[in-house]
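Working notes, beginning with the structure itself.
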Amino acid sequence: MTRKIITLCALGAVVAGQIGAALALPVNNSYIQSSANEIRGFLGSYARPTVYVDQNACGEPQTSAMACGPYTISVGTGFLQQQESSYGNYVAKFILAHEWGHSVQFTRGINRQPPMQELQADCVGGTFAKYAETNLRYPSFIENAVASARDAADYAEHGTPSQRDYYSRYGYANGFNVCMTRI
């Protein structure tokens, strides 16, 4: 009996994940620029980058998500759509906030040793997830965002899955100022 219940729970989780992926919001230029405006409302006093969509604005070989200075963030709709389809709605907002965190680092002249540079940006992403939930009334998406961040871990520049998990949640729990002063 216990084995049947465990099997049914596992099947339910798989189906729920497939339904979530099927219901992913379309990630297009409008969605990305709207997200950038939301993030600007929260972090705009620290950095005001322009978000370029599907333009390889940082000279990257393929569009994903990257900040290459205090004034430039480059993102690809395909990459962000894949992230939302895989991990759930609003993950693209977390990724964009993470890149915004890098723009803040560029603006403030912060240059941490790997992987702390990336983990500080994860922390900033976590602060935006909390802001979006509390002030913009989004449903909580920190679990989805953490799953995406964990899977992007590379054990080098971007840290380990557990580090990415920790620092994303640290920002969510403690806020922007703590991210910038204690990491």
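Numbering of residues begins at 1 and proceeds along the displayed sequence. In this text, all values refer to a predicted model and were calculated from it rather than measured experimentally.
Using a distance-only test at 3.5 Å, with no hydrogens or angles considered, no donor-acceptor pair links the side chain of Thr127 to the main chain of Gly175. At least one donor-acceptor pair under 3.5 Å links the side chain of Thr107 to the backbone N or O of Ser103. Remark: the backbone N or O of Pro161 is not paired with any side-chain donor or acceptor of Asp165 at under 3.5 angstrom. Side-chain atoms of Asp154 come within 3.5 Å of backbone N or O of His158 as a donor-acceptor pair. In this structure a side-chain-to-backbone donor-acceptor pair under 3.5 Å is present from Gln163 to Thr160. Remark: the backbone N or O of Arg40 is not paired with any side-chain donor or acceptor of Trp100 at under 3.5 angstrom. In terms of modelled atom types and a separation under 3.5 Å, the side chain of Gln117 and the main chain of Ile110 share a donor-acceptor contact. Judged purely by atom type and a 3.5 angstrom limit, Glu99 uses its side chain to pair as donor or acceptor with the backbone of Ala67. Side-chain atoms of Glu38 do not come within 3.5 Å of backbone N or O of Ala36 as any donor-acceptor pair. A side-chain donor-acceptor contact under 3.5 Å links Gln81 to the backbone of Val27.
At a threshold of 4.0 Å, the pair Lys93-Glu84 does not count as salt-bridged, since none of the basic side-chain nitrogens sits closer than that to a carboxylate oxygen.
Of the N and O atoms on the side chains of Gln55 and Ser74, not one donor lies less than 3.5 Å from an acceptor on the other residue. Judged by distance alone, the side chains of Gln120 and His102 never bring a donor and an acceptor atom under 3.5 Å apart. Of the N and O atoms on the side chains of Gln82 and Ser86, at least one donor lies less than 3.5 Å from an acceptor on the other residue. A donor atom on one side chain and an acceptor atom on the other are not found under 3.5 Å apart for Thr77 and Asn28. For the 3.5 Å distance criterion, the side chains of Asn89 and Tyr138 fail to qualify, holding no donor opposite an acceptor.
For the residue pair Cys123 and Tyr170, the shortest heavy atom distance occurs at SG-CD2, 3.8 Å. Residues Pro115 and Gly159 come closest through the heavy atom pair CB-N, 3.4 Å. Residues Ala92 and Tyr31 come closest through the heavy atom pair CB-CE2, 4.0 Å. Taking every heavy atom of both residues into account, Ile142 and Ala129 meet most closely at CD1-CB, 4.1 Å.
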Candidate pair Phe141 and Phe94, rule ring-ring contact (aromatic ring centres under 6.0 Å, His included), full reasoning | CA-CA 9 Å; Phe141 56 92; Phe94 177 86; 7.5 Å; no
Check against ring-ring contact (aromatic ring centres under 6.0 Å, His included), Phe106 and Tyr71 | CA-CA 9 Å; Phe106 282 119; Tyr71 308 112; 9.7 Å; no
